[in-house]
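In what follows, chains are A, B, ... by sequence order, proteins preceding strands, each numbered from 1.
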Amino acid sequence: AQSVTQLGSHVSVSEGALVLLRCNYSSSVPPYLFWYVQYPNQGLQLLLKYTTGATLVKGINGFEAEFKKSETSFHLTKPSAHMSDAAEYFCAVSTNNNDMRFGAGTRLTVKP
Amino acid sequence: NAGVTQTPKFQVLKTGQSMTLQCAQDMNHNSMYWYRQDPGMGLRLIYYSASEGTTDKGEVPNGYNVSRLNKREFSLRLESAAPSQTSVYFCASSEVGFIERLFGSGTRLTVV
């Protein structure tokens, strides 16, 4: 079965700094990859997804991620952090409609 | 607002008590899912229903039962609650051909 590893359970950046959240996956077949964001006491909201085609994927709120097959990675970036980006971020991998595996999550703190 | 609605939002149970978590979606999605979220473990699939009338086990089904009441509703039942079932439970849905999940806002369950 596929799996996801998120490197770093907590990441702290200053407002205006680059955000980089790391995700590596394992899959025996071409994967679909996702990033979700969870704000306090809320459900998960889709940030972006990779299915096929262009490997650089743009999402909501200025986030983007690049699928690198050779590195089995799907890291999430944002050029300039905003206070409102503080949340927990989950990377997920799926190879079919019924089996989506989530990483353990990375909590992003943004310092003023 | 369209989306996935979960009730209740909070619940405290005593060990051995039973309860049913309710979930309804109004997007006419075929597939529905129940996840639990525990610190440091991401989301894990409990049960899913690929279509009305079908249900299947996920990663962590022990201690739970589900019912797909109709296309809109998918309930999760704890017959005899245990402290290990203290968690945040999320219901999600997805449409055929779209792997990404749409999540509800969650039910925070504490078993004492």
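A chain of hydrophobic side-chain contacts below 4.5 Å, direct or via other Ile, Leu, Val, Met, Phe, Trp or Tyr residues, connects A:Leu76 to A:Phe67. Hydrophobic cluster membership differs between A:Leu56 and A:Leu33, with clusters built from Ile, Leu, Val, Met, Phe, Trp and Tyr side chains linked at under 4.5 angstrom. Each of B:Val60 and B:Val88 belongs to its own hydrophobic cluster when Ile, Leu, Val, Met, Phe, Trp and Tyr are linked at side-chain heavy-atom distances under 4.5 angstrom. A:Tyr50 and A:Tyr25 fall within a single hydrophobic cluster, where Ile, Leu, Val, Met, Phe, Trp and Tyr side chains are chained together by heavy-atom contacts under 4.5 Å.
Atom CZ of A:Arg22 sits in a sparse spot, with 12 or fewer heavy atoms from other residues, nucleotides or ligands closer than 6.0 Å. Heavy-atom contacts from other residues, nucleotides or ligands closer than 6.0 Å to OH of A:Tyr32 number 12 or fewer. At most 12 non-hydrogen atoms from other residues, nucleotides or ligands lie less than 6.0 angstrom from CZ of B:Arg108.
Here the closest heavy-atom approach between residue A:Ala104 and residue B:Gly40 is recorded as CB-O, 3.3 Å.
To the nearest 0.5 angstrom, B:Glu100 atom CD is 13.0 Å from A:Leu44 atom CG. One distance of note links CG of B:Leu43 with CZ of A:Arg101; it measures 12.5 Å at 0.5 Å rounding. Rounding to the nearest 0.5 Å gives a distance of 8.0 Å between CG of A:Asp99 and OH of B:Tyr48. Taken to the nearest 0.5 Å, the CD atom of A:Gln38 stands 4.5 Å off from the CZ atom of B:Phe90.
Proximity to chain B is absent for every atom of A:Arg107, based on heavy atoms less than 4.5 angstrom apart. Contact annotation for B:Leu45: only side-chain heavy atoms (C-beta onward) come within less than 4.5 Å of a heavy atom of chain A. When heavy atoms are compared at a cutoff of 4.5 Å, B:Glu59 approaches chain A solely by way of its side chain, counted from C-beta outward.
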**Request:** Evaluate the side-chain contact (heavy atoms from CB on, under 4.5 Å) criterion for residues B:Arg101 and A:Tyr36: first the C-alpha distance (whole Å), next the side-chain angles of each, then the deciding distance (0.1 Å), finally the verdict.
**Result:** CA-CA 10 Å; B:Arg101 316 288 194 243; A:Tyr36 284 87; 3.9 Å; yes
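Taking A:Gln6, A:Lys49, A:Glu88 one by one and counting their heavy-atom pairs under 4.5 Å with chain B, the maximum is reached by A:Lys49.
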